[in-house]
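Got a structure here, written out as structure tokens. Questions coming.
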Amino acid sequence: DAGVTQSPTHLIKTRGQQVTLRCSPKSGHDTVSWYQQALGQGPQFIFQYYEEEERQRGNFPDRFSGHQFPNYSSELNVNALLLGDSALYLCASSFDRWDTEAFFGQGTRLTVV
Amino acid sequence: GQQVMQIPQYQHVQEGEDFTTYCNSSTTLSNIQWYKQRPGGHPVFLIQLVKSGEVKKQKRLTFQFGEAKKNSSLHITATQTTDVGTYFCAGLPGTASKLTFGTGTRLQVTL
């Protein structure tokens, strides 16, 4: 049983460019959340997808958008990249219950130069 | 917005010593989860606490949830080098499943 998989593992982009990160949830999970983790910080909630809709959103600008597909996989898109967007982007999947643990992928390390 | 703070930020112990990290939320939580992140790795779920005053143990790890459901602690007895990593608490403010992570405590264990 595969866990949460993310691609790519590493990415280097130039300021102003756009990036798409991908996530496949753990088998059986229907909810996907995205987090941004800057170096030395805790993960910061970006948004959560359930039934192909954005259900909750953290304090991130509209440059951050996402999508969930019918097979529950998800994408995170970031437009007009800034140097400050450099971080580890984590995807977490779970069941649609409030009291359930989140399973994290290994993350995508994004560097903006 | 909700804030979750942890202390200390960093602790360095000798193997065999005990370690405790404390987690405090600005708002009441419906539950709290603890995660461990090894250097270069991703957060891995350790445990979830739901009830006020709840105490749970996992071998050398003891987790507590405060009576007011605004604070929590993780205590490790007789640390080992395999305990190295950053420990995060993550709170759920209500029945919504938006986890707010704490600032983390980085644990270093040396022989």
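Note on naming: letters A, B, ... go to the chains in the order of the sequence lines (proteins, then strands), and numbering restarts at 1 for each one. Because the structure is predicted, anything quoted here is derived from the model rather than measured.
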- Message: Test ring pair (Phe, Tyr, Trp, His ring centres under 6.0 Å) on A:His29 and A:Phe103; report intermediate values, then the result.
- Response: CA-CA 9 Å; A:His29 285 179; A:Phe103 287 80; 5.4 Å; yes
- Query: For chain B, which residues from residues 13-23 of chain A lie under 4.5 Å away (heavy-atom distances)?
  - Reply: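 Residues in range: none.
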- Message: Any salt bridge linking A:Glu53 with A:Arg55? Criterion: basic side-chain nitrogen under 4.0 Å from a carboxylate oxygen.
- Response: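 No, A:Glu53 and A:Arg55 are not salt-bridged.
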- Task: Give the C-alpha distance, both sets of side-chain angles, the deciding distance and a yes or no for side-chain contact (heavy atoms from CB on, under 4.5 Å) between A:Asp30 and A:Tyr50.
- Result: CA-CA 6 Å; A:Asp30 55 10; A:Tyr50 172 71; 3.5 Å; yes
- Query: Between B:Phe45 and A:Phe104, is the gap from one ring center to the other below 6.0 Å?
  - Reply: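 Not close enough - the centres of the two rings lie 6.0 Å or further apart.
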- Heavy atoms only: give me the nearest B:Ala68-B:Ser52 pair and the separation to one decimal.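 In this case the closest contact between B:Ala68 and B:Ser52 is N-OG, 4.5 Å.
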- Message: Does either side chain, that of B:Tyr35 or that of B:Gln33, offer a donor lying less than 3.5 Å from an acceptor on the other one?
- Response: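 Checked: B:Tyr35/B:Gln33 side chains pair up, N/O donor to acceptor below 3.5 Å.
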- Between atom CH2 of B:Trp34 and atom OG of B:Ser73, what is the distance when rounded to the nearest 0.5 Å?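 Going from CH2 on B:Trp34 over to OG on B:Ser73, the span is 7.0 Å.
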- Query: With under 30° as parallel and over 60° as perpendicular, where do the rings of A:His67 and A:Phe69 fit, or are they tilted in between?
  - Reply: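 Ring orientation, 0 to 90° scale: perpendicular.
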- In terms of heavy-atom proximity below 4.5 Å to chain B, should A:Gln106 be classed as side chain, backbone, both, or neither?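 Interface part for A:Gln106: both.
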- Message: Suppose a student defines contact as a heavy atom less than 4.5 Å from any heavy atom of chain A. Which residues in residues 102-111 of chain B would they list?
- Response: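 When heavy atoms of chain A are the reference, residues 102-111 of chain B contributes B:Gly102, B:Thr103 within the under-4.5 Å range.
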- Query: Within a reach of under 6.0 Å around CG of A:Leu83, are more than 12 heavy atoms found that belong to other residues, nucleotides or ligands?
  - Reply: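 Yes, the 6.0 Å shell around CG holds more than 12 heavy atoms from other groups.
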- Message: Is A:Arg109 close to chain B through its backbone or its side chain, or both, or neither, when contacts mean heavy atoms under 4.5 Å?
- Response: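 Neither part, no heavy atoms under 4.5 Å.
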- Message: Using the side chain to side chain contact (heavy atoms under 4.5 Å, CB included) definition, which of the options A:Ser27, A:Ser94, A:Ser24, A:Cys91 pairs with A:Val4?
- Response: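 In the set A:Ser27, A:Ser94, A:Ser24, A:Cys91, the residue that makes a side chain to side chain contact (heavy atoms under 4.5 Å, CB included) with A:Val4 is A:Cys91.
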- Item | chain A contact via B:Gln6 - which portion, at a heavy-atom distance below 4.5 Å |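 It is neither, since no heavy atom gets under 4.5 Å.
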- Hey, do the aromatic rings of A:Tyr49 and A:Phe47 have their centres closer than 6.0 Å?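 Yes: the rings meet the under 6.0 Å criterion.
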